[in-house]
Participant: 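Take this structure first; my questions come after.
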Amino acid sequence: MAAPMLRLGFPGRRWALTWLDGGSRHRSGSQTGPTSNWARRQSSVAQPSLHTAQKPRKGEHKWAAVVGLEIHAQISSNSKLFSGAQVCFAAPPNSLVSYFDASLPGTLPVLNRRCVEAAVMTGLALNCHINKKSLFDRKHYFYSDLPAGYQITQQRLPIAANGHLTYCIYLGKKPSQVTTKTVRIKQIQLEQDSGKSLHDDLRSQTLIDLNRAGIGLLEVVLEPDLCCGEEAALAVRELQLILQALGTSQANMAEGQLRVDANISVHHPGEPLGVRTEVKNLNSLRFLAKAIDYEIQRQITELENGGEILNETRSFDYKLGCTMPMRDKEGKQDYRFMPEPNLPPLVLYDDTSLPRGADSQQVINIDQLRDMLPELPSATRERLVQQYGMLPEHSFALLNEVGLLEFFQNVIKETRTEPKKVTNWVLNTFLCYLKQQNLAVSESPVTPSALAELLNLLDRKAISSSAAKQVMDVKKRNPKAINKLIGLVRKASHSRADPALIKKILERKLSL
């Protein structure tokens with residue numbers, strides 16, 4: 001079994017040091033770990049936080065881990081990248097396939113304007129340089145779910161390049177101990193997705209579904225500035241939030257709308273980089289972190305035992321918690337990149353270069369798209385802290401749970417309770433209730449109006465704090481009855497009876 005490792009992370013440094021010493025852990029200062037609920041929600045992975053380590057002792061081996069990511073995000077569009085075929089998740093197999101998607105002779109690609117706009121907006125949000133001229137290429141490889149035998153992508157001159165993504169990482173016991181880190185973005189390119197192979201082991205056959213073939217993808221290539229699984233998961237989570245805020249991708253990993261390939265190597269500091277391996281198609285943040293950390297440990301153990309690392313592609317077996325060899329890694333020469341002959345260069349404009357009298361439906365204006373950018377997650381967190389006086393970690397928690405920020409803002413609109421108290425109720429009582437019931441925010445039977453009414457009753461002391469919490473106690477009552485119970489509380493509190501008597505009766509009912 002691979003020995004555990006310690007990581008030393010510094011903002012602005014490219015690598016963090018990893019020390020191996022017979023499986024034992026050494027660190028200076030107190031142990032840091034995921035001791036707060038906020039930290040667990042922020043990382044979204046079951047991984048320990050970064051540790052501060054002391055200098056390696058004599059006999060210890062010092063390693064640096066280098067991690068780069070290739071992230072494929074499905075563009076939110078009604079049709080595919082180069083055809084008019086519809087995009088719909090879980091449609092019947094091969095029901096959404098055009099002649100071009102099936103690569104029938106004589107069919108030609110027609111570029112989807114929406115996909116281009118999504119790529120430009122994503123590039124702008126990630127501080128990239130938008131290339132006014134970009135090119136399409138053919139990348140050849142032969143899989144049964146790729147009918148043409150090649151994928152149309154952007155290898156030579158992508159639509160965006162040289163950006164950066166800023167994310168936050170939790171370093172200590174206190175939620176407020178957060179540091180900001182930055183990973184460089186090499187490029188963002190447009191490319192088409194392949195189909196899907198369905199393996200039937202009982203009949204020893206493979207079935208092909210081409211519904212996904214030709215769907216538009218954004219490939220975001222991150223430079224190897226990361227050092228461990230936790231950093232990778234946090235960076236991808238921040239990118240996921242940005243894509244969702246922009247509306248350029250739903251980025252739902254459960255539906256395959258966001259997939260990550262991780263390139264990993266280890267080496268001794270001051271020496272050339274080691275041989276890298278690629279772990280393909282990681283479809284959850286938790287698996288991404290686990291796969292990277294396992295692969296780092298595997299490579300260190302292999303080298304310490306006198307072995308060598310192969311330049312290969314591997315997959316992650318989430319049941320076993322380890323990576324497995326898939327195939328030798330293809331080099332660029334194996335893909336036989338060539339210019340796409342059926343697509344001219346993609347030309348974009350800005351306010352200074354826009355031709356006079358140009359049809360807005362025929363050109364794409366970069367400056368116009370920049371003006372359309374919505375508030376990004378980092379700005380939203382800052383606004384929440386300033387507007388409601390909440391702690392920074394609470395702003396992270398509100399954004400990290402899908403739909404929770406909108407729920408919180410709707411509660412704020414309908415209650416007179418101070419924002420800090422609303423924040424506490426939403427992040428603790430309400431979110432705990434959802435976790436116990438295994439519900440998403442959108443599935444909650446408790447509406448923002450119902451929670452706001454409960455807080456209003458509590459604010460004017462119509463009910464006690466313990467009674468209000470009992471309303472949300474799913475252990476004592478059917479979750480679907482909570483809204484009805486809040487209505488009962490509201491009706492009783494509006495009656496003309498003695499308030500003290502009403503309060504006593506309500507608390508008796510709530511305790512049943």
Side-chain angles (χ1 to χ4, degrees), residues 73-87 98-101 106-139 151-165 184-193 214-221 239 242-250 337-380:
Q74 179 180 319
I75 299 172
S76 294
S77 173
N78 293 327
S79 56
K80 297 183 179 181
L81 182 57
F82 297 117
S83 78
Q86 185 182 359
V87 175
S98 70
Y99 292 147
F100 176 79
D101 303 329
T107 55
L108 295 173
V110 178
L111 184 58
N112 183 336
R113 177 190 178 95
R114 160 61 185 163
C115 293
V116 177
E117 292 176 340
V120 173
M121 292 180 68
T122 302
L124 292 172
L126 295 176
N127 311 289
C128 292
H129 169 73
I130 307 299
N131 291 317
K132 292 183 180 179
K133 178 182 178 181
S134 58
L135 306 173
F136 289 97
D137 304 279
R138 288 186 180 183
K139 177 183 179 181
Q151 175 193 45
I152 300 179
T153 183
Q154 293 185 307
Q155 172 66 21
R156 295 168 296 160
L157 189 57
I159 196 167
N162 301 326
H164 65 269
L165 170 66
R184 293 170 297 154
I185 296 173
K186 180 180 179 181
Q187 65 187 52
I188 299 176
Q189 61 196 48
L190 282 165
E191 64 183 25
Q192 58 181 169
D193 206 349
I215 287 179
L217 298 178
L218 291 174
E219 180 175 356
V220 182
V221 182
L239 176 62
I242 291 172
L243 294 173
Q244 291 169 347
L246 293 171
T248 55
S249 174
Q250 296 179 16
F337 283 104
M338 60 171 283
E340 170 54 54
N342 295 323
L343 285 168
L346 173 59
V347 179
L348 307 176
Y349 300 90
D350 56 20
D351 289 341
T352 60
S353 62
L354 189 67
R356 181 177 298 178
D359 185 352
S360 60
Q361 297 301 315
Q362 298 297 320
V363 298
I364 291 179
N365 188 333
I366 300 171
D367 290 329
Q368 187 178 35
L369 292 175
R370 182 181 284 107
D371 294 337
M372 294 170 57
L373 291 179
E375 184 180 64
L376 297 178
S378 57
T380 301

Participant: Please name all residues satisfying salt bridge (Lys or Arg N to Asp or Glu O under 4.0 Å) with Glu117, sequence neighbours left out, ordered by chain then number.
Facilitator: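 Checked Glu117 against salt bridge (Lys or Arg N to Asp or Glu O under 4.0 Å); matches are Arg113.
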Participant: Using the salt bridge (Lys or Arg N to Asp or Glu O under 4.0 Å) criterion, which residues pair with Asp193? Sequence neighbours excluded.
Facilitator: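 So Asp193 forms a salt bridge (Lys or Arg N to Asp or Glu O under 4.0 Å) with Arg212, Arg259.
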Participant: At what distance, to the nearest 0.5 angstrom, does CG of Leu81 lie from CG of Leu218?
Facilitator: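 Interatomic distance, Leu81 CG to Leu218 CG, rounded to 0.5 Å: 9.5 Å.
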Participant: Hey, what do you get for CZ (Phe82) to OG1 (Thr107), rounding to the nearest 0.5 Å?
Facilitator: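 Going from CZ on Phe82 over to OG1 on Thr107, the span is 12.5 Å.
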Participant: Taking C-beta and beyond as the side chain, do Leu217 and Gln189 meet within less than 4.5 Å on heavy atoms?
Facilitator: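 Leu217 does not reach Gln189 side chain to side chain.
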Participant: Quick one: side chain to side chain donor-acceptor pair (under 3.5 Å) partners of Gln154, sequence neighbours excluded?
Facilitator: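 By the side chain to side chain donor-acceptor pair (under 3.5 Å) rule, Gln154 matches Ser134.
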Participant: Report the residues that fulfil side chain to side chain donor-acceptor pair (under 3.5 Å) with Asn127, sequence neighbours left out, ordered by chain and then residue number.
Facilitator: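 For Asn127 the side chain to side chain donor-acceptor pair (under 3.5 Å) partners, ignoring immediate neighbours, are His164.
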Participant: If the condition is side chain to side chain contact (heavy atoms under 4.5 Å, CB included), which residues does Pro339 pass it with, not counting sequence neighbours?
Facilitator: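 Per chain and number, Pro339 pairs via side chain to side chain contact (heavy atoms under 4.5 Å, CB included) with Arg156.
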Participant: Would you mind writing out the side-chain donor-acceptor pairs for residues 363-373 within the sub-3.5 Å range, not counting sequence neighbours?
Facilitator:
| unit_1 | atom_1 | unit_2 | atom_2 | d |
| --- | --- | --- | --- | --- |
| Asn365 | OD1 | Asp367 | N | 3.0 |
| Asn365 | OD1 | Gln368 | N | 3.3 |
| Asn365 | ND2 | Asp351 | OD1 | 3.0 |
| Asp367 | OD1 | Arg370 | NH1 | 2.6 |
| Asp367 | OD2 | Asp351 | N | 2.9 |

Participant: Can you list the residues that meet the side chain to side chain donor-acceptor pair (under 3.5 Å) rule with Ser353, with sequence neighbours excluded?
Facilitator: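 Side chain to side chain donor-acceptor pair (under 3.5 Å) list for Ser353, sorted by chain: Asp350.
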Participant: Could you tell me which residues satisfy side chain to side chain contact (heavy atoms under 4.5 Å, CB included) with Gln250, sequence neighbours excluded, listed by chain and number?
Facilitator: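 Once residues adjacent in sequence are excluded, the partners of Gln250 under the side chain to side chain contact (heavy atoms under 4.5 Å, CB included) criterion are Ser76, Gln257.
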Participant: Going by the rule salt bridge (Lys or Arg N to Asp or Glu O under 4.0 Å), which residues pair with Arg114 if we only count those two or more places apart in sequence or in a different chain?
Facilitator: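 Partners of Arg114 under the salt bridge (Lys or Arg N to Asp or Glu O under 4.0 Å) test: none.
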Participant: List in chain and number order the residues that pass salt bridge (Lys or Arg N to Asp or Glu O under 4.0 Å) with Glu219, two or more places apart in sequence or in another chain; answer none if no residue qualifies.
Facilitator: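 Testing Glu219 for salt bridge (Lys or Arg N to Asp or Glu O under 4.0 Å), a comparison that skips the adjacent residues, returns none.
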Participant: Going through the checks in order, is the side chain to side chain donor-acceptor pair (under 3.5 Å) test met by Gln244 and Ser249?
Facilitator: CA-CA 6 Å; Gln244 291 169 347; Ser249 174; over 6 Å; no
Participant: Not counting sequence neighbours, which residues clear side chain to side chain contact (heavy atoms under 4.5 Å, CB included) with Ser98? List them please.
Facilitator: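 Partners of Ser98 by the side chain to side chain contact (heavy atoms under 4.5 Å, CB included) criterion, ordered by chain and then number, come out as Ser83, Ala85, Phe100, Asp101.
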Participant: Give the minimum heavy-atom separation between Ala73 and Leu243, together with the two atoms involved.
Facilitator: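 Minimum heavy-atom contact is CB-CD1, 3.7 Å.
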Participant: Find the distance between CG (Leu126) and CD1 (Ile185) and round it off to the nearest 0.5 Å.
Facilitator: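 The distance works out to 4.0 Å.
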Participant: Looking at residues at least two apart in the chain, or sitting in another chain, which of them share a side chain to side chain donor-acceptor pair (under 3.5 Å) with Thr248?
Facilitator: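 Only Thr122 meet the side chain to side chain donor-acceptor pair (under 3.5 Å) criterion with Thr248.
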Participant: Could you report the tightest heavy-atom contact between Thr153 and Glu191, atom names first, then the distance?
Facilitator: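 Looking at all heavy atoms of both residues, the closest pair is OG1-OE1, 2.8 Å.
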Participant: Enter the distance from Ile188:CD1 to Ile159:CD1 here, rounded to the nearest 0.5 Å.
Facilitator: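 Ile188 CD1 to Ile159 CD1: 9.0 Å, rounded to 0.5 Å.
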